Amino acid sequence: MFVIIHNTRLYLFHYIWHTSPKQRGPHYRISRPGLPAVDFQKKRHLHCISMKRDVTALLTDALEALGVSPCPHIEIEVPREDSFGDLSSPVAMTMAKALKKAPRKIAEDIVGRLKDNPIFEKIEIAGPGFINFTFTKSYLLSSLQHLLKAEKAFLRENVGEGKKVLVEFVSANPTGPLHIGHARGAAVGNALCNLLAESGFTVDREYYINDAGRQVRLLGLSVYARYQQLTGNEVPFPEDGYRGQYIDDEASALRAERGETYKGISFDICGTEITSWTYSRMLVLIRKDLSRFGVTEFDAWISEKEIFAQGEVANAIETLQQKGFIYQHANALWFRSTAFRDDKDRVVIKSDGEYTYFASDIAYHKNKLDRGYDTIIDIWGADHHGYIPRIESVMQAFGYDISQFRVILVQMVNLMKHGEPFQMSKRAGTFVTLSDIIDLVGADTTKFIFLTRKADSHLDFDLDVVTATSAENPVFYVQYANARINSILTNAREKGLEPAQGVDLALLAESAELVLIKKLLTYPMVLENAARSFEPHRITFYLQELAAMFHTYYHNHRVIGEDAALTHARLSLCSAIRIVLSDALGILGVSAPEKM
RNA sequence: GCGCCUGUAGCUCAGACGGAUAGAGCAACUGCCUUCUAAGCAGUGGGUCAGGGGUUCGAAUCCCUUCAGGCGCGCCA
């Protein structure tokens with residue numbers, strides 16, 4: 001058995017290796033503190049709780065009554081303009097070809113069947129054939145009531161339907177501290193996992209440790225060299241060695257811990273021990289950095305070295321050989337990836353008899369597949385994009401469908417300083433660690449900035465700009481809205497205004513209030529779309545919009561006033577806004593402070 | 001040379017499976033704190049969606065092409 005992390009929470013490779021998700025029990029689900037898991041089973045019995053689902057159901061009925069069967073996917077969107085109603089559907093236009101009728105005529109037929117439904121204030125046909133729905137106030141208020149009562153369960157769509165997803169992210173080599181690029185992968189991966197877990201998927205989070213290759217050996221050799229120098233034994237520093245300050249620190253720590261034990265001893269003899277000692281400490285460091293960053297919930301840390309030790313690499317290649325996808329050429333063993341999606345075949349065993357890095361990756365991905373996940377997501381730096389076809393080929397070679405596999409490429413972060421690119425190199429020792437950035441900018445801000453961009457868009461992270469404008473950072477804007485509401489609710493409580501039974505929400509008559517309620521009710525759609533597209537950044541944009549609407553409302557209307565009944569109604573609205581704000585921030589992995 | 005990503009307001013970026021008059025923040029300028037948090041609010045200006053062609057009722061979105069930037073193309077990891 002191999003201990004992966006030297007920590008009170010031990011992750012044993014043995015456990016990962018031999019425990020299939022099935023054995024963990026059908027109810028296994030990751031839940032984070034403060035956000036208990038939703039019971040989707042229960043939710044199905046509720047009615048009138050989602051604008052989108054209600055409209056979809058009614059449209060489906062209408063289309064079936066018009067002889068459309070089976071009913072296709074119905075698109076529902078939140079229109080750009082308020083004058084286009086609360087929800088809109090282009091379904092009449094998309095059906096035009098199939099039905100061989102004019103879009104507006106189809107729309108009229110549909111509307112004819114819906115217009116008497118009491119949940120709609122009005123239904124209009126607009127433009128080339130949009131059907132625009134406007135809800136009645138009573139419908140909106142009863143939905144708000146549901147939101148207040150059901151809270152989190154109200155906000156969820158069961159996108160995943162219990163499907164098992166494995167997300168592998170960060171997976172930085174344990175050769176030094178994490179930097180800004182890893183941080184982006186961590187922020188995106190963490191938010192995505194939260195999002196999927198909250199959307200009805202069963203999510204496992206995994207970190208793959210490349211502890212078997214040359215890089216880790218170089219790490220050990222670097223520390224070895226510095227250590228020898230500290231003991232007065234001048235050995236040349238390895239040409240490709242790691243040169244950061246942390247290497248010196250590790251060498252000092254090694255000397256403090258082990259004294260002169262290794263002085264003058266050749267690397268051939270003590271190298272394995274020093275390397276193992278060093279990279280274990282690097283893993284602890286990485287874990288600590290991730291923890292400071294608020295990303296701590298990996299379910300498994302998978303060791304490449306252990307995959308070798310368990311014979312999985314040899315087995316995987318043997319399996320491919322039996323399937324006829326391995327051949328020998330020029331003293332090396334090749335995987336015939338061109339049989340699938342790759343543009344050239346790939347070496348798995350070099351002519352010197354060593355496995356390539358790709359070989360252990362084959363074994364690792366086979367291992368993932370064999371564990372029975374419905375979907376496997378890898379989050380990689382964009383510089384690894386050329387790797388996708390060969391891994392997809394591996395999937396297919398083992399007989400799996402590549403639609404089960406999804407790589408999310410996280411684009412490079414250009415670290416800037418004074419508007420100039422700041423080149424980082426771990427080996428040259430010129431890099432800004434994640435830890436530095438957390439000290440400088442803060443974990444919340446850093447995460448939020450990463451999550452205001454699509455994963456595949458390039459991103460300039462200017463240390464000057466980010467620190468100088470931190471007071472105007474959008475994350476504070478959103479958190480401030482939450483803190484303000486909290487302050488109002490606290491004030492109300494101190495004045496003895498406890499939320500009474502039978503709050504009359506109908507007193508919320510201001511147009512700003514109805515617009516806010518509608519915005520709250522679109523939140524489940526935002527989550528659903530974000531989960532379906534694996535794009536957590538959509539939540540970030542929604543949050544900014546909702547916060548802006550609240551700040552405006554706050555400025556124009558007093559919540560706590562003379563009229564007790566109105567006060568209660570407005571306090572309820574504020575509570576609902578706070579539920580959504582803190583829920584969304586929680587999914588993004590950003591804190592929702594009560595005071596600021 | 002081939003492949004992947006990107007190109008939208010002065011800057012940083014959104015823009016949903018092709019949908020209605022292309023949006024937000026920052027920066028700039030002008031107002032608003034004796035009232036629940038001014039890390040806030042209100043207002044003003046700002047666009048050939050890199051260029052060109054195509055597909056159709058409709059294109060920032062799909063296809064082709066040119067240009068620009070980034071990344072990748074090893075018996076490295």
Side-chain angles (χ1 to χ4, degrees), chain A residues 73 75-81 83-84 88 90 93-94 96-97 102-103 126-130 132 173 175 210 212-218 240 329-334 343-344 346-354 356-358 360-361 381-389 409 411-412 414 449 452-454 456-460 462 465 469-481 483-492 494-495 525-526 528-530 532-533 535 537-538 540-541 544-545 547-548 550-561 567 570-571 574 595-596:
Chain A
H73 173 74
E75 207 171 323
I76 307 282
E77 59 191 33
V78 179
R80 206 172 49 234
E81 302 273 330
S83 62
F84 298 156
S88 178
M93 290 180 284
T94 51
K97 249 180 205 150
F130 288 98
N132 296 338
N173 283 350
T175 54
N210 291 119
R214 179 167 171 274
Q215 296 306 321
V216 167
R217 213 184 91 86
L218 264 178
D240 301 328
H329 172 71
N331 279 331
L333 272 194
W334 297 70
D343 55 359
K344 57 183 85 165
R346 306 292 170 177
V347 171
V348 291
I349 299 180
K350 298 184 274 181
S351 53
D352 63 4
E354 293 281 313
T356 58
Y357 172 86
F358 179 50
S360 51
D361 241 15
D383 53 340
H384 289 79
H385 66 80
Y387 220 73
I388 296 173
L409 290 177
Q411 268 296 347
M412 308 278 102
N414 299 315
I449 286 173
T452 49
R453 270 86 169 169
K454 278 184 302 200
D456 59 5
S457 69
H458 298 261
L459 166 61
D460 290 342
D462 192 315
V465 173
T469 64
S470 64
E472 296 147 14
N473 193 288
V475 70
F476 293 112
Y477 184 80
V478 174
Q479 288 176 324
Y480 187 56
R484 258 186 166 170
I485 292 173
N486 199 65
S487 172
I488 294 170
L489 297 177
T490 305
N491 265 321
E494 281 168 2
K495 290 183 178 171
M525 294 173 67
V526 173
E528 181 188 348
N529 288 332
R532 285 195 196 285
S533 58
E535 290 180 346
H537 77 273
R538 295 183 190 201
T540 318
F541 282 85
Q544 294 182 72
E545 290 162 8
F550 169 71
H551 284 309
T552 300
Y553 175 67
Y554 172 88
H555 188 262
N556 293 331
H557 303 279
R558 279 196 68 82
V559 175
I560 300 171
T567 297
R570 289 184 170 172
L571 286 171
C574 286
K595 282 184 185 167
M596 286 176 72

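Letters A, B, ... are given to chains in the order of the sequence lines, protein chains preceding strands, and every chain is numbered from 1. Remember, predicted model here, so these are calculated numbers, not experimental data. Quick note: numbers below take in every heavy atom, side chains included, and nothing from hydrogens, waters or symmetry partners.
Base engagement by A/Ala483 is indicated by at least one non-hydrogen atom pair under 4.0 Å involving a base atom. Among the heavy atoms of the strands lying under 4.0 Å from A/Leu459 are primed sugar atoms or P, OP1, OP2 only; no base atom is included. As judged by a 4.0 angstrom heavy-atom cut-off over every strand, A/Asp460 is placed among residues touching the sugar-phosphate backbone only. Here A/Ala330 lies in heavy-atom contact (under 4.0 Å) with a base.
Using N1 to N3 plus N6-O4 or O6-N4 for Watson-Crick, or N1-O2 and O6-N3 for G-U wobble, each under 3.5 Å, B/A60 pairs with nothing. Base-pair partner of B/G1: B/C73 (Watson-Crick or G-U wobble, both distances under 3.5 Å). In this structure, B/G45 makes no Watson-Crick or G-U wobble pair, since no nucleotide meets both defining distances under 3.5 angstrom. In this entry B/G7 has B/C67 as its Watson-Crick or G-U wobble partner, both defining distances falling under 3.5 Å. B/C13 is paired with B/G23 under the Watson-Crick or G-U wobble criterion, all donor-acceptor distances under 3.5 Å.
Nucleotides B/C4 and B/A9 place their P atoms 26 Å apart, quoted to the nearest Å. The gap from the P atom of B/C63 to that of B/A77 amounts to 36 Å, rounded to the nearest Å. Taking atom P in both B/U21 and B/C36, the straight-line distance is 44 Å, to the nearest Å. For the P atoms, the distance from B/U6 to B/G10 is 22 Å, rounded to whole Å. Across B/C26 and B/C41, the matching P atoms stand 8 Å from one another, rounded to whole Å. B/A20 and B/G25 are spaced 25 Å apart, taking the C1' atom of each and rounding to whole Å. Across the P atoms, B/A50 and B/A68 are found 16 Å apart, a figure rounded to whole Å. Across B/A16 and B/C11, the matching C1' atoms stand 26 Å from one another, rounded to whole Å.
Of the possible donor and acceptor atoms, none in the side chain of A/Arg538 sits under 3.5 Å from a partner among the backbone N and O of A/Val526. Between the side chain of A/Asp352 and the backbone N or O of A/Glu354, at least one donor-acceptor pair lies under 3.5 Å. Using modelled atom types, no side-chain atom of A/Ser88 and backbone atom of A/Glu77 make a donor-acceptor pair closer than 3.5 Å. Panel note: side chain A/His551, backbone A/Tyr477; a donor-acceptor pair is recorded below 3.5 Å.
Distances shorter than 4.0 Å separate some side-chain N or O of A/Lys344 from OP1 or OP2 on B/G74. For B/C17, the OP1/OP2 oxygens have no side-chain nitrogen or oxygen of A/Thr94 closer than 4.0 Å. Applying the 4.0 Å criterion to OP1 and OP2 of B/G7, one finds that A/Lys454 has every side-chain N and O outside that range. The side chain of A/Tyr554 places no N or O atom within less than 4.0 Å of a non-bridging phosphate oxygen (OP1 or OP2) of B/U35.
Glycosidic conformation at B/C33 (O4'-C1'-N9-C4 for purines, O4'-C1'-N1-C2 for pyrimidines): syn, within 90° of 0. An anti orientation is assigned to B/C63, its glycosidic angle lying beyond 90° of 0.
Contact of A/Thr540 with B/A14 (side chain to base): no donor-acceptor pair of N or O atoms is detected under 3.5 Å. A/Asn132 contributes a side-chain N or O that forms a donor-acceptor pair with the base of B/A20 under 3.5 Å. Residue A/His385 places a side-chain atom within donor-acceptor reach of the base of B/C71, judged by atom type and a 3.5 Å distance cut-off alone.
Here the side chain of A/Ser457 is nearest to one of B/A14, B/U35, B/A77, namely B/A14. The side chain of A/Tyr357 lies closest to B/A77, out of B/C36, B/G15, B/A77. Taking every side-chain heavy atom of A/Arg80 into account, B/U21 is the closest of B/C41, B/U21, B/A16. Of the candidate nucleotides B/A16, B/C41, B/A20, B/A16 has the atom lying nearest to any side-chain atom of A/Val78. Listed nucleotides: B/C36, B/A42, B/G40. Nearest to the side chain of A/Asn491: B/C36. The side chain of A/Thr552 sits closest to B/A42 out of B/A42, B/G72, B/A39. Side-chain atoms of A/Ala126 lie closest to B/A20 of the nucleotides B/A20, B/A38, B/A42. For A/His537, counting side-chain heavy atoms from C-beta on, the closest listed nucleotide (B/A14, B/C41, B/U21) is B/A14. Side-chain atoms of A/Ser487 lie closest to B/U37 of the nucleotides B/C13, B/U37, B/C17. Distances from the side chain of A/His458 to the nucleotides B/A20, B/A77, B/G70 place B/G70 closest.
When the P atom of B/G19 is taken as reference, atom CD of A/Glu77 falls 7 Å away, rounded to whole Å. Following rounding to the nearest Å, A/Asn473 (CG) and B/C13 (P) show an atom-to-atom distance of 14 Å. B/C4 atom P lies 17 Å from atom CE of A/Met412, rounded to whole Å. Straight-line distance from the OH atom of A/Tyr477 to the C1' atom of B/A38: 12 Å, rounded to whole Å. In this structure, the CG atom of A/Asp456 is 12 Å from the P atom of B/C13, given to the nearest Å. One interatomic measurement links the two molecules: OH of A/Tyr387 to C1' of B/G74, which rounds to 12 Å at whole-angstrom precision. Going from atom CD1 of A/Ile388 over to atom P of B/C71 covers 17 Å, rounded to whole Å. Rounding to whole angstrom units, CZ of residue A/Phe541 and P of B/A22 are separated by 20 Å.
Relative orientation of the A/Tyr554 and A/Phe550 rings is tilted, given thresholds of 30° and 60° on the angle between their planes.
Comparing A/Pro90 and A/Ser351 against RNA chain B, the residue whose closest nucleotide sits nearer the 5' end is A/Pro90. Mapping A/His557 and A/Asp343 onto RNA chain B by nearest heavy atom places A/His557 at the nucleotide closer to the 5' end.
Stacking of A/Phe130 onto the six-membered ring of B/G19 is not present when judged by under 5.5 angstrom between centres and under 30° between planes. For A/Tyr480 and B/G40, the ring-to-base geometry does not satisfy the stacking test (centroid distance below 5.5 Å, interplanar angle below 30°).
In this structure, A/Leu571 and A/Ile488 have side chains that are in contact, with non-hydrogen atoms separated by less than 4.5 Å. Side-chain contact between A/Lys350 and A/Thr356 is present, with at least one heavy-atom pair separated by less than 4.5 Å. Residues A/Thr490 and A/Lys595 have side chains not in contact (no heavy-atom distance under 4.5 Å, counting atoms from C-beta outward). Inter-residue side-chain proximity for A/Arg570 and A/Tyr553 is flagged as met; some heavy-atom pair is nearer than 4.5 Å. A/Ile449 places a side-chain heavy atom less than 4.5 Å from the side chain of A/Asn473.
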